[in-house]
Protein chains: 2
Amino acid sequence: MKDVAARAQVGLKTVSRVVNGEPGVTADTVQRVQEAIAALGFRRNDSARLLRKGRTASIGLVLEDLADPFYGPMSRAVEETARAHGTLLIHGSSAALPERERELVLALCARRVDGLIVVPAGDDHRYLEPEMAAGLATVFVDRPPGRIDADAVLTANFAGARAGVAHLIAHGHRRIAFVGDRPGIHTAAERLRGYHAAMAEAGLAVDASWVALGPTGPDRVGPAVRALLEGPDPVTALFTANNRITVTAVRVLAGRGLPVALVGFDDFELADVVSPAVTVVAQDAAELGRAAARLLFGRLEGTARAPERLELPTRLIVRGSGETPPS
Amino acid sequence: MKDVAARAQVGLKTVSRVVNGEPGVTADTVQRVQEAIAALGFRRNDSARLLRKGRTASIGLVLEDLADPFYGPMSRAVEETARAHGTLLIHGSSAALPERERELVLALCARRVDGLIVVPAGDDHRYLEPEMAAGLATVFVDRPPGRIDADAVLTANFAGARAGVAHLIAHGHRRIAFVGDRPGIHTAAERLRGYHAAMAEAGLAVDASWVALGPTGPDRVGPAVRALLEGPDPVTALFTANNRITVTAVRVLAGRGLPVALVGFDDFELADVVSPAVTVVAQDAAELGRAAARLLFGRLEGTARAPERLELPTRLIVRGSGETPPS
DNA sequence: CTGAAAGCGCTTACAG
DNA sequence: CTGAAAGCGCTTACAG
């Protein structure tokens, strides 16, 4: 910019005016500056600009794994909202490691992102308190923050799971298994609670062996599902508590002839094409992202207000697998 | 930092030394400074730091759509490599609009990202020439850059498609359709070329009505596939040229009883579970991202070298749908 | 071991 | 209409 000013024989401020299209510069001067800009190939350095302005026009999004199909639409929705606000999006995957979540979040804070959207991996977010006290807008999504009060956008996990399990019960099932994520994860715990509620409301006792919790990879889920379907007194229906688990269950069921009822939490691509098509409790990942971004920019632009908690409804999509009667 | 210095009664440089763990400060001084840091809740502003350092420790990734399952693993791979280099990742979706790609890329340039990875939406990247001449490291991925010379990591689209179509021919098919993306897209054109090559090598004439090109949404692909399978002299096999198209084709085929052979370009989740399981020409999206990131950081750390072009091989995964004989 | 001065590339607040 | 000075929050190069 200094070079441009020198070449156009004007002051720095005049170059700044031209670059930013501010009024109050003679057409003649504007042209001289523009010629110098073109000749020197000058481009404004937005990082320097934003340092002076006191914001970064960027927000951070920390989630579990960008490669998980659940997070793609969510990220995209956040990105679109950010774009509408002239803001860039910095991404980070925590790989479900609390330590990595913290590291990423603090790196983003050090960059002074204007706001932060976090899908928690850990269950203690007190490390964010100083940042939030200093004015960092933060919204948690998919899972609530741990040990601090902050904006959160969640899915109705309890109600959704309860409705899914009740659906299986309504179709005559009594021996229903729950295959879920590790119980330390909020969504997993809520969905499990929904399962227990539906069973209790129908007056059905739950055998401890019907509940299989753990990592969502096929290595754990495959054997767990097979175990539930074997033995002297197998379950007649499965409630799978997230899309990674459902997909593995579908794969296992496809390998056996026996009809087993299945309802999954989360919709997934081709759920309508596999045979039988999979009945799911769908949540809207994109809307989760949109709502979180809306809350975030609301907070960035508005006045201070108390933390808000939004809960988005689920939708039962009936496709066939959940309506199989008990064998 | 000024406040910390004042409170600890030291100079700015000493605070800087403590914050960065540089040697040459008395234990006593270190402690005074650390107390001041804790009392004031000071956190270094990395944006300011990096401005002074002349880099931003961030790279930009511009792709078509973060919500497309093809890009999730690719992004994640780029992110992991960036992480290993202490670099953050800024994401942008072009929505396949050349104008939006340009806008995003230039916004990232204005932020002075250290490097850029681009999945092109447009076919003219001369707008990047001044930036690249000024030292911006840039790698194109999935599709080559248009009208400039630059690093690129591509899939062997031509060879992969040729092998996929040859596979159908080897299983007795003569009337094979090609359902692909708009021909302006490089990958689409290459795959079409592979189809024509395989047909020509087998001495088979291609009826113009067998080639259906256009947008990859179900609105276009669904009717196109149905049209190919109806009429007096329908095709007996389909080659679908990307995962969005294949998924729609699978959906259409599931709705009819007749066996039609199918080979798709790109693998996708549950390809092994739908019935029949789908034979695909798989490409490695994660490796595409990893290779691109490796090239980028190689360029950032190394000396200048001529632009490089990598081509990753595809893998034919035989699952059943591609081995259906002609009806 | 320690710190004052200059600078990264911009904008703000002000004066002429 | 125009520009010199100060400042955003740091680091670099240097001197003591």
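In the text below, chain A, chain B and the rest are named by the order of the sequence lines, each starting its count at 1. The figures here come from the full heavy-atom set of this structure, side chains too, leaving out hydrogens, waters and symmetry mates. If you're wondering where the values come from, they're calculated on a predicted model, not measured in any experiment.
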*Separation of B/Leu50 atom CG from D/dC8 atom P, in whole Å?*
19 Å
*From A/Thr155 atom OG1 to A/Arg143 atom CZ, the distance as rounded to the nearest 0.5 Å*: 11.0 Å
*With heavy atoms under 4.0 Å as the rule, sort A/Ser47 into base, sugar-phosphate or nothing.*
nothing
*Would the number of heavy atoms belonging to other residues, nucleotides or ligands and lying under 6.0 Å from CD of A/Gln9 be above 12?*
no
_Length of the line joining B/Leu12:CG and D/dC14:P, which is rounded to integer Å_ = 19 Å
*Check every strand shown and say whether B/Val10 touches a base, only sugar-phosphate, or nothing at a heavy-atom separation below 4.0 Å.*
sugar-phosphate
*Using the side chain to side chain contact (heavy atoms under 4.5 Å, CB included) rule, pick out the option among A/Leu116, A/Leu128, A/Ile117 that qualifies with A/Phe140.*
A/Leu128
*Let me know the distance between CZ of B/Arg111 and P of C/dG9, rounded to the nearest Å.*
17 Å
*asked:* How about CD on A/Glu22, more than 12 heavy atoms from neighbouring residues, nucleotides or ligands closer than 6.0 Å, or not?
replied: yes
*Polar contact flag, side-chain donor to acceptor under 3.5 angstrom, B/His91-A/Ser75*: no
*For A/Ser16 and C/dT11, is the shortest distance between a side-chain N/O and OP1 or OP2 below 4.0 Å?*
yes
*Position toward the 5' end of DNA chain D (nearest nucleotide), B/Lys13 or A/Lys13*: A/Lys13
*Counting any heavy atom closer than 4.0 Å, what does A/Gly24 reach on the DNA or RNA strands: base, sugar-phosphate only, or nothing?*
base
*Which residue, A/Val19 or A/Lys2, contacts DNA chain C at a nucleotide closer to its 5' end, judged by nearest heavy atom?*
A/Lys2
*Do the charged groups of A/Glu80 and B/Arg100 touch, with an N to O distance under 4.0 Å?*
yes
*asked:* For A/Glu301, is there an ion pair with A/Arg55 - N to carboxylate O distance below 4.0 angstrom?
replied: no
*Could you work out which one of D/dT11, D/dG9, D/dC10 sits closest to the side chain of B/Leu51?*
D/dG9
_With a 4.0 Å cutoff (strictly under), does any side-chain N or O of A/Thr14 reach OP1 or OP2 of D/dC1?_
no
_Expressed as a whole number of angstroms, how long is the span from B/Arg17:CZ to D/dT12:P?_
11 Å
*In chain order, what residues pass the salt bridge (Lys or Arg N to Asp or Glu O under 4.0 Å) check against B/Lys53, with sequence neighbours excluded?*
none
_Nucleotide nearest B/Arg52 when distance is taken to its side chain, options D/dT11, C/dG3, C/dC10_ = D/dT11
*Below 4.0 angstrom from OP1 or OP2 of D/dT2, is there any side-chain N or O of A/Thr29?*
yes
*Does a nitrogen or oxygen in the side chain of A/Lys53 sit under 4.0 Å from OP1 or OP2 of D/dC8?*
no
*CG of A/Asn20 versus P of C/dG9: gap in Å, rounded?*
17 Å
*Record whether the side chain of A/Arg112 comes under 3.5 Å of the base of D/dG9 through a donor-acceptor pair of N or O atoms.*
no
*asked:* Rounding to an integer number of Å, can you tell me how far A/Glu22 CD sits from C/dA13 P?
replied: 12 Å
*Whole Å only: how far is the CG atom of A/Asp28 from the P atom of D/dC1?*
13 Å
*Member of B/Asp3, B/Val19, B/Val33 meeting the side chain to side chain contact (heavy atoms under 4.5 Å, CB included) criterion with B/Phe42*: B/Val19
*Check every strand shown and say whether A/Asp46 touches a base, only sugar-phosphate, or nothing at a heavy-atom separation below 4.0 Å.*
nothing
*asked:* What's the closest nucleotide to the side chain of B/Arg49 if the choices are C/dC10, D/dG3, D/dC10?
replied: D/dC10
*Pairs counted as Watson-Crick or G-U wobble with both distances under 3.5 Å: what dot-bracket string results for DNA chain C, using | for bases tied to another strand?*
|||.||||||||.|||
*When all nucleic acid strands are considered with a 4.0 Å heavy-atom cut-off, which category describes A/Arg43: base, sugar-phosphate, or nothing?*
sugar-phosphate
*asked:* Please tell me if A/Asn45 has a side-chain N or O lying less than 4.0 Å from either OP1 or OP2 of C/dC8.
replied: no
*asked:* Which nucleotide wins on minimum distance to the side chain of B/Met1, given the candidates C/dC10, D/dC10, C/dT2?
replied: D/dC10
*Please work out if B/Arg44 contacts a base, only the sugar-phosphate, or nothing of the nucleic acid, heavy-atom cut-off 4.0 Å.*
sugar-phosphate
